[in-house]
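Report on the structure given below.
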Amino acid sequence: MTEDRYDPHAIEPRWRGAWREMDLYAIDLAGAERPCYALVMLPYPSGDRLHVGHWYHYGPADTWARFMRMRGFDVFEPIGFDAFGLPAENYAVRTGIHPADSTERNVANMIEQLKQMGAMWDWDHTANTSDPSFYRWTQWIFLELYRAGLAYRKEAPVWWCPQDQTVLANEQVLEGNVCERCGTPVEKKDLTQWFFRITRYADELLDGLDELEWPERTKTLQRNWIGRSPGVEIDWQVEGKDRAIRTFTTRPDTIYGVTFLVLAPEHPLVDEVTTDDRRAAIEAYREQARRLSDIERASTEAAKTGEFTGGYAIHPLSGERIPVWVADFVLLTYGTGAVQGVPAHDERDYDFANAMDLPIPRVIEPDDLSAVGADQAYTGHGIVHDSGPYSGMRSEEMLEKVIDDLETAGKGERKVNYRLRDWLVSRQRYWGAPIPIIHCPECGEVPVPDEDLPVELPYDVDFSLGAGKSPLERSKTFMHVDCPNCGGPARRDPDTMDTFVDSSWYFMRYISPNDAERPWPREIAERWLPIYQYSGGIEHATLHLLYSRFMIKALRDLGHVGFDEPFRRLIHQGTITNHGAKMSKSRGNVISPDEYIAEHGADAFRAYMMFGFSWTEGGDWKDEGIRAVAAWLQRVWRLVHLHQDLWDPNARLAGGDPESEASRALVLARHRSVKGATDDLAAWQFNTAIARLMELVNACYQYSPVDQAPREGISEPILKEAIETVIRLLAPIAPHLAEELWAMTGREPSVVDAAWPAHDPDVLATEEVTMVIQVNGKVRERMRVPRGLSEDEIRARALGHGRIPDLIDGKPLRKAVVIPDKLVSLVV
RNA sequence: GCCGGGGUGGCGGAACUGGUAGACGCGCCGGACUCAAAAUCCGGUGGCCGCGAGGCCGUGUGGGUUCGAUUCCCUCCCCCGGCACCA
């Protein structure tokens with residue numbers, strides 16, 4: 001009792017040990033009555049120590065989960081490891097250490113560090129995506145999708161990373177067309193690859209967003225990524241040929257402004273349309289386009305180039321002859337690979353027409369002429385003219401009408417295009433789930449029979465890159481297999497799956513990670529999903545978060561789950577930067593939490609992560625606040641320590657008047673803090689939740705000065721209840737310390753199973769309020785009045801209050817606004 | 001270029017649907033305790049003017065709506081993120 005400090009390094013490991021002994025965080029998934037699945041995006045098990053980002057994400061996420069548990073929810077809070085992937089394999093190439101070995105070591109290492117946080121993770125419900133018992137089901141899912149036609153193989157122009165020697169999905173190519181993993185510029189290659197048919201769900205993925213409680217900006221990112229454009233495909237008869245060029249447009253209301261058609265250089269009709277005298281020029285242009293990198297070709301800066309084919313198409317409505325051009329700004333991969341050129345009303349077409357000296361006739365009159373310059377395209381709407389029967393209509397109106405007319409005439413078809421492409425899932429790398437397909441010269445693609453799953457990765461392989469084939473393809477023992485269908489000699493598919501396939505369903509596996517019979521028990525999954533609350537970085541907005549949504553919808557259609565979305569609520573933590581720069585190993589600016597934890601303990605570090613930043617915003621690293629938070633935890637500990645006699649079972653609490661000013665003020669402070677902390681924690685606003693708790697601690701000190709003994713002026717039961725409330729409110733934030741304080745009050749662990757305190761709104765509705773009096777918009781006076789006073793009475797009192805009569809100075813009152821219990825605004 | 005998000009004291013950050021701007025904390029200043037220091041406890045702290053009472057200014061810029069604007073509308077300037085010849 002002489003020591004007036006607590007030692008986090010003594011109590012933290014002790015309580016973690018006690019919790020483990022009690023099996024405190026094991027929950028009965030089948031029997032839970034108020035399921036709350038609190039999921040965090042799972043970490044990649046690198047060989048490095050945990051960084052600030054891990055603590056910033058997982059600490060507060062656990063605080064929220066503890067808060068929910070105290071509020072009576074059955075909280076399921078698992079964590080696992082996204083353990084497949086390139087870093088481990090590249091490490092193997094460099095060092096010769098096998099990915100399976102380095103990963104196993106890293107996972108064990110990471111678990112030990114994660115345990116320091118004192119989170120409620122249930123280590124009986126974890127997952128390691130690189131474990132055969134996990135990827136056996138990743139392969140099963142692949143085959144389910146395959147059998148449903150949702151996984152397929154085709155040759156297509158795909159992104160290839162020359163550094164990592166593998167293909168990538170569109171979503172994994174970052175701005176400037178560089179590889180998400182290594183930053184190397186990627187190339188387009190025509191390769192036969194496996195895809196998941198995510199485009200089949202484009203509309204549902206878009207519409208489903210409306211129902212989700214996700215940050216609006218994340219939904220926007222997905223909407224833009226899916227890129228829905230409704231429009232029409234139109235057939236243009238090629239003059240003198242029994243062929244039509246099909247274009248796609250979202251603006252058929254500009255069709256009378258078409259002065260040319262443009263085909264992508266790779267368009268299959270180019271040969272046919274090109275006249276003999278233009279053939280050499282067209283061939284040269286196509287060759288030139290082929291040589292251009294995609295980056296050069298995609299540049300909006302580059303001047304428009306193109307070549308006339310010599311051919312003409314017939315305008316489907318006016319019957320005019322329209323020249324057909326080839327130009328590389330038209331992409332074969334979007335729409336039909338052919339567009340109609342409307343230079344007056346499309347910027348690209350405008351630039352092209354200017355470069356090629358083509359006419360630029362206007363067919364839409366802008367509503368506001370001043371809004372559009374003479375030297376630019378007008379892309380807005382307005383009154384249509386020079387457009388045959390449509391002249392005089394509003395362009396919005398014509399847009400719908402002309403589509404109907406084209407459809408009726410058999411010259412067009414309503415069509416929706418998407419920016420979203422099918423998800424390329426095969427990778428020419430070793431450290432991933434092998435694609436469970438066998439290629440048989442007789443039978444073609446043959447799925448590996450379920451009973452032969454998992455297709456395990458061979459251990460003994462050559463990881464070296466650049467040999468032109470994936471490591472698996474070089475393993476004869478792996479590749480050679482008998483066809484399950486005909487028994488003849490066949491080869492395994494040499495590719496592995498994108499690790500985003502693993503992470504698109506891992507949260508289902510946490511439910512029953514050791515079940516060898518099925519991927520998840522459906523009836524339990526239905527209880528726990530969609531996930532109540534997911535947390536993680538926004539960088540996955542168009543990757544993991546999109547893929548998982550697709551996966552759940554596909555699994556639903558295959559009858560394996562009964563819900564539509566994986567994550568009902570989503571929240572993103574911000575990023576902690578160092579001197580404004582993102583922390584990364586290559587920059588050498590990574591902050592390690594280790595020394596701070598060694599000095600102040602895990603609770604202090606956790607609490608600082610929550611108090612020092614606005615959690616969803618993040619911010620620049622600053623360590624001054626850690627000492628302050630650690631000191632505050634000491635202050636809380638001291639508060640309980642100094643008043644420990646309140647919990648002495650032999651003591652009779654008598655002192656103090658419960659109606660005294662101090663007693664009443666402390667009661668008010670308690671209710672106020674409970675209300676504030678509850679609202680703030682529910683909204684993941686940790687900094688203000690802690691601020692509210694600090695206020696209560698301050699109030700405890702203020703109304704029960706610790707150097708005064710015996711306590712004067714304060715009711716002991718009221719003080720006792722206030723301090724107990726401090727402990728409960730602290731429990732999610734600093735779990736070890738709160739447990740220690742809980743024990744100091746003589747209670748059995750655990751405080752996480754103590755009820756979250758409730759506040760009484762009647763107490764907060766004090767009988768007197770302070771009202772502000774404004775004169776001509778400026779605050780001039782304040783007055784104390786009974787709550788609920790009538791507007792008339794308030795106005796009358798305000799007019800006579802303090803300096804107000806002087807300020808008004810007999811001038812007539814022009815206006816008086818009264819907001820009861822808040823303010824009076826007088827205008828003279 | 002387009003689409004999001006953001007600009008508030010010396011600093012991190014608060015402010016519900018338009019209603020006391022700056023909660024809480026850091027830092028700084030002062031006091032108590034101490035031989036002293038640390039630790040701790042208490043008080044002060046947006047800027048300018050004023051002895052004071054008090055006044056004026058103040059949420060990136062300039063305007064507007066309103067009794068009243070950090071909050072709503074318009075103009076512009078910066079910062080961050082995403083997309084980018086998607087027809």
Side-chain angles (χ1 to χ4, degrees), chain A residues 4-5 174-176 215-225 227-229 231 247-251 254 262 297-302 304 327-331 333-342 345-349 351-352 379 417-421 538-539 541-542 574-575 577 580 608 611-614 616-620 622 624-629 631-632 634-635 638 676 679-680 685 687-695 697-698 701-702 705-707 770-782 803 814-819 821-828:
Chain A
D4 67 346
R5 295 177 70 78
L174 303 183
E175 68 176 313
E216 219 32 64
R217 60 188 169 134
T218 311
K219 294 192 199 181
T220 304
L221 288 175
Q222 289 209 352
R223 284 191 188 104
N224 292 345
W225 187 262
R228 182 177 196 271
S229 338
T247 60
F248 172 74
T249 182
T250 56
R251 293 295 301 274
T254 63
V262 190
R297 216 182 128 171
S299 165
T300 50
E301 308 298 319
K304 293 278 183 291
D328 64 7
F329 76 90
V330 176
L331 308 175
T333 47
Y334 187 80
T336 58
V339 303
Q340 48 178 53
V342 187
H345 304 292
D346 181 280
E347 281 171 33
R348 294 150 301 179
D349 298 346
D351 292 343
F352 187 74
T379 55
N417 261 305
Y418 301 91
R419 220 186 69 94
L420 182 71
R421 292 296 130 77
I538 194 174
E539 65 271 19
T542 57
T575 311
T577 53
Y608 172 62
F611 184 66
F613 305 86
S614 174
T616 53
E617 297 295 316
D620 213 41
K622 239 185 102 201
E624 290 96 84
I626 298 177
R627 240 192 48 247
V629 169
W632 178 71
Q634 289 289 351
R635 181 172 160 89
R638 202 175 313 113
D679 292 349
D680 290 346
Q685 284 159 11
N687 54 347
T688 48
I690 293 173
R692 295 292 86 80
L693 180 50
M694 286 174 167
E695 283 170 348
V697 172
N698 290 347
Y701 272 91
Q702 187 184 342
V706 291
D707 50 356
T770 302
M771 287 190 62
V772 168
I773 307 171
Q774 297 182 347
V775 177
N776 291 339
K778 287 185 191 294
V779 177
R780 295 301 182 188
E781 279 287 358
R782 285 148 221 272
R803 301 180 293 136
R814 289 200 295 144
K815 189 163 188 174
V817 178
V818 177
I819 309 292
D821 301 340
K822 285 208 164 154
L823 64 72
V824 182
S825 184
L826 305 169
V827 187
V828 291

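In the text below, chain A, chain B and the rest are named by the order of the sequence lines, each starting its count at 1.
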Let's test this: given Watson-Crick or G-U wobble pairing with both distances under 3.5 Å, identify the partner of [N].
N	value
B:rC2	B:rG82
B:rC51	none
B:rU8	none
B:rA38	none
B:rG27	B:rU45

- Using the ring of each side chain (for Trp, its six-membered ring), is A:Phe248 parallel, tilted or perpendicular to A:Tyr334, with breaks at 30° and 60°?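 Ring orientation of A:Phe248 relative to A:Tyr334: perpendicular.
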In whole angstrom, what separates [X]'s [atom1] from [N]'s [atom2]?
X	N	atom1	atom2	result
A:Leu826	B:rC67	CG	P	14 Å
A:Ile538	B:rG5	CD1	P	11 Å
A:Phe613	B:rG25	CZ	P	18 Å
A:Glu624	B:rC24	CD	C1'	17 Å
A:Leu823	B:rC67	CG	C1'	10 Å
A:Glu617	B:rG81	CD	P	14 Å
A:Tyr701	B:rC24	OH	P	17 Å
A:Asp679	B:rU17	CG	P	12 Å

Separation of the [atom1] atoms in [N] and [M], to the nearest angstrom:
N	M	atom1	result
B:rA21	B:rC16	P	14 Å
B:rC79	B:rG25	C1'	26 Å
B:rG44	B:rC57	C1'	22 Å
B:rU66	B:rG50	P	38 Å
B:rG27	B:rC33	C1'	23 Å
B:rC26	B:rC77	C1'	31 Å
B:rA69	B:rG19	C1'	10 Å
B:rG81	B:rC11	C1'	25 Å

- Message: By the rule that syn is within 90° of 0, classify the base conformation of B:rG30 as syn or anti.
- Response: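 Because its glycosidic torsion lies more than 90° from 0, B:rG30 adopts the anti conformation.
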Would you tell me if any nitrogen or oxygen in the side chain of [X] comes within less than 4.0 Å of OP1 or OP2 on [N]?
X	N	value
A:Thr220	B:rG82	no
A:Arg780	B:rG55	yes
A:Asn698	B:rC42	no
A:Thr333	B:rC86	no
A:Asn224	B:rC2	no
A:Arg419	B:rC2	no
A:Arg5	B:rU40	no

Sugar-phosphate only, base, or nothing, as touched by [X] at under 4.0 Å among non-hydrogen atoms:
X	result
A:Gly612	sugar-phosphate
A:Arg635	sugar-phosphate
A:Leu221	sugar-phosphate
A:Gly337	nothing
A:Ala338	nothing
A:Phe352	nothing
A:Val827	sugar-phosphate
A:Glu695	sugar-phosphate

Of all the choices, [options], which nucleotide is nearest to the side chain of [X] once you look at every atom?
X	options	answer
A:Ser825	B:rA23, B:rG19, B:rA87	B:rG19
A:Gln685	B:rG25, B:rC67, B:rA15	B:rA15
A:Met694	B:rG25, B:rC86, B:rC3	B:rG25
A:Asp328	B:rC42, B:rG19, B:rC85	B:rC85
A:Lys778	B:rC56, B:rG19, B:rC26	B:rC56
A:Thr688	B:rA87, B:rG68, B:rA14	B:rA14
A:Phe248	B:rA23, B:rC67, B:rA87	B:rA87
A:Arg217	B:rC85, B:rG4, B:rC86	B:rG4
A:Arg803	B:rA87, B:rC3, B:rG55	B:rG55

- With a cut-off of 6.0 Å (strictly less than), are more than 12 heavy atoms of other residues, nucleotides or ligands near CZ of A:Arg627?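 Atom CZ in A:Arg627 is not crowded, with 12 or fewer foreign heavy atoms closer than 6.0 Å.
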- Any chance CD of A:Glu781 has more than 12 other-residue heavy atoms, nucleotides or ligands included, within less than 6.0 Å?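 Enclosed: over 12 neighbouring heavy atoms sit under 6.0 Å from CD of A:Glu781.
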[X] side chain to [Y] main-chain N or O, any donor-acceptor pair under 3.5 Å?
X	Y	answer
A:Asn776	A:Val828	yes
A:Arg803	A:Arg780	yes
A:Arg251	A:Thr379	yes

- Query: With nearest nucleotides of RNA chain B determined for A:Ala628 and A:Asn417 from heavy-atom distances, which residue corresponds to the more 5′ nucleotide?
  - Reply: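 It is A:Ala628 whose nearest nucleotide is closer to the 5' end.
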- 5'-most by nearest nucleotide on RNA chain B - A:Glu347 or A:Phe611: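 Here A:Glu347 is the residue nearer the 5' end.
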- Query: Donor-acceptor pair under 3.5 Å: do we get one between A:Arg692's side chain and the base of B:rA23?
  - Reply: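 When only heavy-atom distances are counted, A:Arg692 does reach the base of B:rA23 through a donor-acceptor pair under 3.5 Å.
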- Task: Mark yes or no for a side-chain to base donor-acceptor pair under 3.5 Å between A:Lys622 and B:rC26, with no hydrogen or angle criteria applied.
- Result: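 No such pair is found, so the answer is no.
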- Given side chains that start at C-beta, do those of A:Val697 and A:Arg638 come closer than 4.5 Å, heavy atoms only?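 With C-beta onward as the side chain, the pair stays apart.
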- Query: Is the shortest heavy-atom distance from the side chain of A:Asp620 to the side chain of A:Thr577 under 4.5 Å?
  - Reply: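 Answer yes - side chains close enough.
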- Query: Quick one: CG on A:Leu826 to NZ on A:Lys815, what's the gap to the nearest 0.5 Å?
  - Reply: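 A:Leu826 atom CG to A:Lys815 atom NZ measures 12.0 Å (nearest 0.5 Å).
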- Task: State, to 0.1 Å, how close A:Asp680 and A:Ala689 come at their nearest heavy-atom pair, and which atoms those are.
- Result: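 Closest pair (atom of A:Asp680, atom of A:Ala689, distance): OD2-N, 3.5 Å.
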